[in-house]
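Heads up: numbering here begins at 1 and tracks the sequence. What you see is a predicted model; the values in this text were computed from it and never measured.
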Amino acid sequence: DIIVNEGNAADWSNLAPANPWAPISKFAGTFDGQGYSIKGIYLKAVTNGYGLFSTTTADAVLKNFRLENSYFEYAGSGNAFLGSIVGELGGTLDGVYSNAIIKGDKLVYEGLAGTVSQKTTIKNCWYDGQMLLGAKGGWAGGIVGSIKAKSKLVIEHCLSTGTIACENTTAPS
């Protein structure tokens with residue numbers, strides 16, 4: 001297992017841990033976690049497309065790992081895509097679990113992937129974290145938030161048991 005930060009991710013909204021995360025961008029290879037966990041990721045983003053990975057290509061494969069006790073917050077002013085695993089997903093997610101906390105306003109954010117931008121397959125995955133939308137509202141969902149034009153998405157054998165809480169009850173503009 002990899003532990004980036006110790007402590008409880010639920011406390012990181014008010015007090016950031018020592019080691020902030022810099023997302024992996026334009027990932028095009030295979031990341032096989034071999035059943036291990038990544039714990040303690042902390043990211044407070046002010047630009048678009050973030051998660052453990054910022055973006056992945058159509059050839060990318062992310063598989064066999066757990067993302068636990070982690071915290072992702074969008075603090076920018078515009079719309080953004082935020083997911084605990086990938087901000088903008090292309091390729092394959094297989095056998096991935098996340099219980100990360102995702103927080104923000106005026107964005108699309110999801111348990112696993114913020115948006116899908118290419119041919120994508122998500123299978124055998126589970127999101128069991130918390131999504132917290134602020135007063136400005138936004139869109140939230142457990143697996144994927146949006147699908148860009150001309151993208152192809154297949155979701156198989158996935159589960160979302162996470163919670164979604166929102167301060168605003170009207171649709172964002």
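A distance of 13.5 Å separates CD1 of Ile101 from CD1 of Ile41, quoted to the nearest 0.5 Å. How far OG1 of Thr56 is from CD of Glu88: 8.0 Å, rounded to the nearest 0.5 Å. Between Ser37 atom OG and Asp1 atom CG the span is 4.5 Å, to the nearest 0.5 Å. Atom NZ in Lys119 sits 12.5 Å away from atom OG in Ser151 (nearest 0.5 Å). For the atom pair Ile85 CD1 and Leu112 CG, the distance stands at 6.0 Å (nearest 0.5 Å). Atoms CE and CD1, on Met131 and Ile164 in that order, are 4.0 Å from each other to the nearest 0.5 Å.
With hydrogens and angles ignored, the 3.5 Å screen pairs a side-chain donor or acceptor of Ser98 with a backbone N or O of Ala100. With hydrogens and angles ignored, the 3.5 Å screen pairs no side-chain donor or acceptor of Asp59 with any backbone N or O of Ala28. Checked by atom type and distance alone, the side chain of Ser70 pairs as donor or acceptor with a backbone atom of Glu68 at under 3.5 Å. A donor-acceptor pair under 3.5 Å is absent between the side-chain atoms of Asp128 and the main chain of Asn99, judged by distance alone. A distance-only check finds a donor-acceptor pair linking the side chain of Asn5 to the backbone of Asn19 [under 3.5 Å]. A donor-acceptor contact shorter than 3.5 Å is absent between the side chain of Thr163 and the backbone of Gln130. A donor-acceptor pair is defined here as one N or O able to donate and one able to accept, closer than 3.5 Å; such a pair exists between the side chain of Ser84 and the backbone of Gly111.
The shortest heavy-atom contact between Gly90 and Ala60 is O-CB, 4.0 Å. Here the closest heavy-atom approach between residue Glu6 and residue Ile3 is recorded as OE2-CG2, 3.8 Å. Closest approach of Cys125 to Gly95, counting heavy atoms only: SG-N, 3.9 Å. Heavy-atom minimum distance, Gly83 versus Ile102: C-CD1, 4.4 Å.
A continuous path of Ile, Leu, Val, Met, Phe, Trp and Tyr side chains, each step under 4.5 Å between heavy atoms, connects Ile2 with Phe53, placing both in one hydrophobic cluster. Two different hydrophobic clusters hold Val61 and Ile143 under the rule that ILVMFWY side chains link at heavy-atom gaps under 4.5 Å. Ile155 and Tyr97 fall into different hydrophobic clusters, defined by Ile, Leu, Val, Met, Phe, Trp and Tyr side-chain heavy atoms under 4.5 Å apart, directly or through other members.
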side-chain contact (heavy atoms from CB on, under 4.5 Å), that's the test. Do Phe72 and Leu67 meet it? Break it down for me.
CA-CA 12 Å; Phe72 298 86; Leu67 178 65; 3.9 Å; yes

Trace of the side-chain contact (heavy atoms from CB on, under 4.5 Å) decision for Tyr71 with Lys44
CA-CA 8 Å; Tyr71 180 91; Lys44 191 167 189 177; 5.9 Å; no

side-chain contact (heavy atoms from CB on, under 4.5 Å) between Leu89 and Ile122: does it pass, once the steps are laid out?
CA-CA 10 Å; Leu89 173 65; Ile122 302 172; 3.8 Å; yes

Evaluate side-chain contact (heavy atoms from CB on, under 4.5 Å) for Lys63 paired with Asp32, printing each intermediate quantity in order.
CA-CA 5 Å; Lys63 64 182 183 176; Asp32 185 349; 3.4 Å; yes

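Counting only heavy atoms from C-beta outward, the side chains of Trp12 and Leu43 never approach each other to under 4.5 Å. Here the side chains of Thr161 and Trp126 are in contact, with some heavy-atom distance below 4.5 Å.
Between Phe65 and Phe31, the ring-plane angle classifies as perpendicular under the 30° and 60° cut-offs.
Between the side chains of Asp94 and Asn124, at least one donor-acceptor pair of N or O atoms lies under 3.5 Å.
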